[in-house]
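Computation of the quantities below employed the complete heavy-atom set of this structure, encompassing side-chain atoms and omitting hydrogens, waters and symmetry-equivalent molecules. As the structure is a prediction and not an experimental result, all values here were calculated from the model.
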Amino acid sequence: MAFFINNKKHFELEIEKDKLGFRKCQLGAVWAVKSHYTKSKSPALISMPTGSGKTALMIALCFELKIKKVLIITPSVVIRKQIFDVFSEMEILKTLGVFNSEEKPKVNNHIGYLKTENDWIKATKSYDVVISTPNSCSSDMKENIAPPKDLFDLIIIDEAHHARAKIYESAFKDFKDSKIILLTATPFRRDRKRIQGELIYHYPISEAIKDEIYRPVTFKNVDTNNGKSQDKDSLLANAAIESLRNEQKNNPNAQLLIKTRKINSAEELKKIYEAKGISVGLIHSGNTTKQNEDCLIKCKKGELESLIAVGMIGEGLDIPTLKISVLHDIPRTLPTTIQFIGRISRINKDQVGNAILIADKNYVKGEVKKLYYFDKSWDKLIPGLVEHIVMNSPLFPNSEPSELNPLGISPNDLKPFFSTKIHKTKVGFEFKKGFHKKMPSGIDLVFTHQEDFNSPLILITKHKKTLPWGKDSALFQENYDLHILYLIEDYLFESSTSDLILNHMKSKLFDTKKYDIVPASNIRNGLSDNTIGQYFMVGMSNIYGSGASNPTYKMLMGLEVESAVKHSDGAVFSFGHALSRIDENETRGIAVNNGRIWAIKRKNIKEFSIWCQHIYSLIKLGNNESKIPRMSNLANFKTVDKFEDKPVSIQLDSVCFQMAIVVIRKGDKNYESFIPEIIFDNLLNNNRKIECSLIVEKDELAKIYFDFDNEKKWVVNSDTEINIFMDIPDKDPINTSLDDFINAYPPLIIFQNAKSLRGSTLFEPKIKEQKFDRTLFKAIDGGWDETDIKKEAEEPTEPGKIYNVQQKTIKVIINSPGYTDNDIIVIDDGAGEMADIIWFSLNEKIIHFFHCKFSSTDKPGADTRNITELLQQALRNCIWIRSSFIIKQLLNRVNTTKNSRILEDKYDELNELHDDFIPTDWDYKVCLVQPGLSKSAVFKDNMTNVEKLLLILHDRLQSSGCDLKIWASS
């Protein structure tokens, strides 16, 4: 059998212009294939839009390449039957006027496995053309064997974007002596990986529209309000039927294509549409081949108004009267979307107007979001998306190689250190084309390489660096840095020998608003290998902010260092970073705070890519609750997108407390030496937003919001810009807007249940269930009879009362047995104070911090209003425990704030104490003074909210090395 060789004389590739003939894209593809095989034997990839005539092209190639026997591999039985019909009848070539014989090839619509060599011979011996599916002919399937040699001289893989990598591998291996041609509408797979094969011809969708192969597509959004599935399907059906009836007025033969992913969903949809008066056909893989074929025949004859296609089976449909499509399940990948849209966008000479696509964009996921959310017509947007992916491939370079690699560097010689920051990209993320021509001043790009759009983008930069020992002589050296940017799905892996240089370049490479650091709960999955061994280093991050006795960060080093993590650490510390043995070939580290994962090794780019893919699988397949092995003692953390409860305290970053000078500036007014306070006001937007007040020296400067839905989580709402200046010892000063400051140094939010939130990460301390030690809760000596408990620092107004709360507290201190004439008492009353009263007990070497608050109630009880503000002040107090800045801060406050003073004018004594002050020589106690709290009301059989709050404070203070007591009412 040699039909195509024997009948070549009856075939004309190019005919006279008055005849129909092949389209220019079909001719272009044939010429490209013939040219390719003059210089290469490698598999050839042809990209042509759906509906541009790929089956006719297959026949033309068989003639032009003088093929004796051809195997066509196609992904579904529906497409297999359509190709079988076209090859068997040859009517398409007669219609085009390029074939003038009644001869027909022998075609086998092959079904079943090929288990033996005899099966292969039987399936091919009597045929010119064999059409099969991967399951039936690929030796990758265990039921099949590889074919005998030299059985086919041409292999065509249709819809190549669907084939798994192993299908290619088995085809290339089994038919290595045959010509192999891959056909697809999109030259990249559904997973965005490049199809194996040399792309020799690409016919853009934009050209197909110009050449009137495609008609434009109009998108109609149907907002189903995220209702129940049945409601959504019914609303979409109503919109589809309305569009179909309107179309049928101008196009009587218009039909509706209904798309879903599951067979059971298709059955339900059939009932919905038929109940609304629409005749429906249904094709899916669960039907027999004959059932599907009968349904398609009815549809082509116009006996059905609509057709439901399940999954991939709808992509190969050849029914030009399908003009409207409704998506009950939206394809998530661009290749699948392009293929499906091709079913309704093909020009039909008997129809007028655009094709129509109906869907609810609320349900759009994945890379196709751009299609549904941009205000463009699909005829402009689809070509743009496909062309961007294809033309950014190195197969279509936009620069001369010498321009991208002036030093002649080979990427195979590069061996990066395995270290990467990981970012989550947003819809629309892409590398900018032509970035190499737009580098920042002072940075030269000396190497650019990307094997294909699924491979890492490799950059080498050069810049001049001043030598530290030759600054006065202006001596420089040339510095080279390697940068690797690897986009895997929606994750960007970023590796660089200089973060500083890469940060300078980023805005030239891509839109920096289109990505964020991967959440900590994802990064910790980087140590979720089952083979993880011993730890060499563990870093622990303070979940309540830092203090002199409780640092922001604590690090342990040594063999099996995990055994040094104590149970008590879990009350204050969460996981920060670790370095661990994974197996004999790798030691890996992760740092959850900055999204970095690294390994102690250096290999080539290919090995680095494989390692990144492994890390990607760990963080992608892991979950928000996955644990770090053998780190159960530490506080848990997870990424959240809403508030679980109302905050009880919002604390500015600890950097605010490490200052020599703090100046808050709003307009013309300066606030110096006042630590601003953030007071929680309201919980909004279904627990996704909080409103707070920014207070400085009892002035409300602005409203501040934390919003999970905002790109910048913290927002300052003020009619005048607020700036903050901070002079920090041994560090660069901070001089910036408050808005930038609180996003760079996000405040810590503490909740009633002892959990804390920084950014989107929620920390849960390991606190054992316990009761508050009631002996710490005492009635004040002498009682409150002489005190106006409604006045904290103002003069008493209640008849017969001679003290306010602060005055009574000072009297009790002075009358206590531990007080001596040498002791120093500082009154630090006002916004941002360290405490209302600070008592230096010199003989006992104890620093007492007293936080006083007037009663919000007439009678003592357990009202949380009487404890909340005290709790906030006392939690902020933790920063001063064992701090060397305590006395310096108090002296500064006394000198600059109105209400701060030292009793008995002991200014010189406090100065002298400062000169010899060693903070670790002192003990520390915090006392809450609140006459509105009653011991009998606070402590009940069931724990009251006040007791819960006291427990949080007690545990926090104890972890800082400080005792707590409460002066209240009995």
When the ring planes of His848 and Trp839 are compared, do they come out parallel, tilted or perpendicular, using 30° and 60° as the limits? parallel

Any idea how Tyr924 and Phe849 line up, ring-wise: parallel (<30°), tilted (30 to 60°), or perpendicular (>60°)? parallel

Measure the shortest side-chain to side-chain distance between [X] and [Y] over non-hydrogen atoms and say whether it is less than 4.5 angstrom.
X	Y	result
Asn594	Ile517	no
Ile837	Cys852	yes
Val812	Lys808	yes
Ile867	Leu933	yes
Ile824	Ile902	yes
Ile887	Leu913	yes
Pro765	Phe573	no
Phe840	Leu910	yes

Hey, what do you get for [atom1] ([X]) to [atom2] ([Y]), rounding to the nearest 0.5 Å?
X	Y	atom1	atom2	answer
His577	Ile590	NE2	CD1	10.0 Å
Leu776	Leu950	CG	CG	9.5 Å
Glu792	Ser855	CD	OG	11.5 Å
Ile628	Ser528	CD1	OG	10.0 Å
Phe772	Ile966	CZ	CD1	3.5 Å
Thr736	Ile722	OG1	CD1	12.5 Å

Indicate whether the side chain of [X] and that of [Y] have a donor and an acceptor atom separated by less than 3.5 Å.
X	Y	result
Ser718	Thr720	no
Ser737	Asp740	yes
Tyr705	Asn710	no
Glu786	Tyr803	no
Lys703	Ser693	yes
Asn843	Tyr819	no
Arg665	Asn670	yes

For [X] and [Y], indicate whether the former's side chain and the latter's backbone hold a donor-acceptor pair under 3.5 Å.
X	Y	answer
Asp739	Val716	yes
Ser541	Phe575	no
Asn633	Val565	yes
Ser574	Ala635	yes
Asn542	Tyr553	no

For the student: nearest non-hydrogen atoms of [X] and [Y], plus distance:
X	Y	answer
Ile704	Ile742	CG2-CD1, 3.9 Å
Val805	Thr787	N-CG2, 4.0 Å
Lys935	Arg774	NZ-O, 3.2 Å
Ala793	Asn804	O-ND2, 3.0 Å
Ile664	Leu701	CG2-CD1, 3.8 Å
Ile827	Gln806	CG2-OE1, 4.0 Å

Trp784 vs Ser969, test: side chain to side chain contact (heavy atoms under 4.5 Å, CB included). Steps then yes/no. CA-CA 8 Å; Trp784 301 98; Ser969 300; 3.5 Å; yes

Test log, rule side-chain hydrogen bond (donor to acceptor under 3.5 Å, both in side chains), inputs Thr775 and Asp773: CA-CA 6 Å; Thr775 62; Asp773 183 357; 2.7 Å; yes

The test is side-chain hydrogen bond (donor to acceptor under 3.5 Å, both in side chains); show your working for Asp863 and Thr857 and say whether it passes. CA-CA 8 Å; Asp863 195 309; Thr857 53; 5.8 Å; no

Stepwise, does the side chain to side chain contact (heavy atoms under 4.5 Å, CB included) test hold for Phe637 with Arg524? CA-CA 10 Å; Phe637 62 90; Arg524 67 177 169 196; 3.5 Å; yes

Evaluation steps, side chain to side chain contact (heavy atoms under 4.5 Å, CB included), between Val926 and His851: CA-CA 8 Å; Val926 167; His851 296 277; 3.9 Å; yes

Does Asp823 come within less than 4.0 Å of Lys906, counting only side-chain N to carboxylate O?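 A salt bridge is absent here (no side-chain N lies under 4.0 Å from a carboxylate O).
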
Output yes when Asp699 and Lys669 qualify as a salt bridge under the 4.0 Å nitrogen-oxygen rule, no when they do not. yes

Tell me whether [X] at atom [atom1] has more than 12 heavy atoms from other residues, nucleotides or ligands lying less than 6.0 Å away.
X	atom1	value
Asp858	CG	no
Lys778	NZ	no
Asp921	CG	yes
Asn895	CG	yes
Lys801	NZ	yes

Cationic tip of Lys755 within the cone over Phe763's six-membered ring, i.e. under 6.0 Å and within 45° of the normal?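 No cation-pi geometry.
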
Would Trp967 and Phe777 count as a ring pair (Phe, Tyr, Trp, His ring centres under 6.0 Å) here? Give the steps. CA-CA 6 Å; Trp967 287 2; Phe777 194 108; over 10 Å; no

Can you list the steps and then say if Glu691 with Leu684 is a side chain to side chain contact (heavy atoms under 4.5 Å, CB included)? CA-CA 7 Å; Glu691 179 185 45; Leu684 308 168; 4.0 Å; yes

Taking it one step at a time, do Lys712 and Asp707 satisfy salt bridge (charged side-chain N to carboxylate O under 4.0 Å, His left out)? CA-CA 8 Å; Lys712 290 172 68 174; Asp707 191 346; over 6 Å; no

Suppose we screen for side chain to side chain donor-acceptor pair (under 3.5 Å). Which residues come up paired with Asp709, at least two apart in sequence or across chains? Arg688

Report the residues that fulfil ring-ring contact (aromatic ring centres under 6.0 Å, His included) with Phe708, sequence neighbours left out, ordered by chain and then residue number.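 By the ring-ring contact (aromatic ring centres under 6.0 Å, His included) rule, Phe708 matches Phe643, Phe706.
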
Per the side-chain contact (heavy atoms from CB on, under 4.5 Å) rule, which among Ile690, Leu748, Val640, Ile650 passes with Leu757?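 Going through Ile690, Leu748, Val640, Ile650 one by one, the side-chain contact (heavy atoms from CB on, under 4.5 Å) with Leu757 is satisfied by Val640 alone.
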
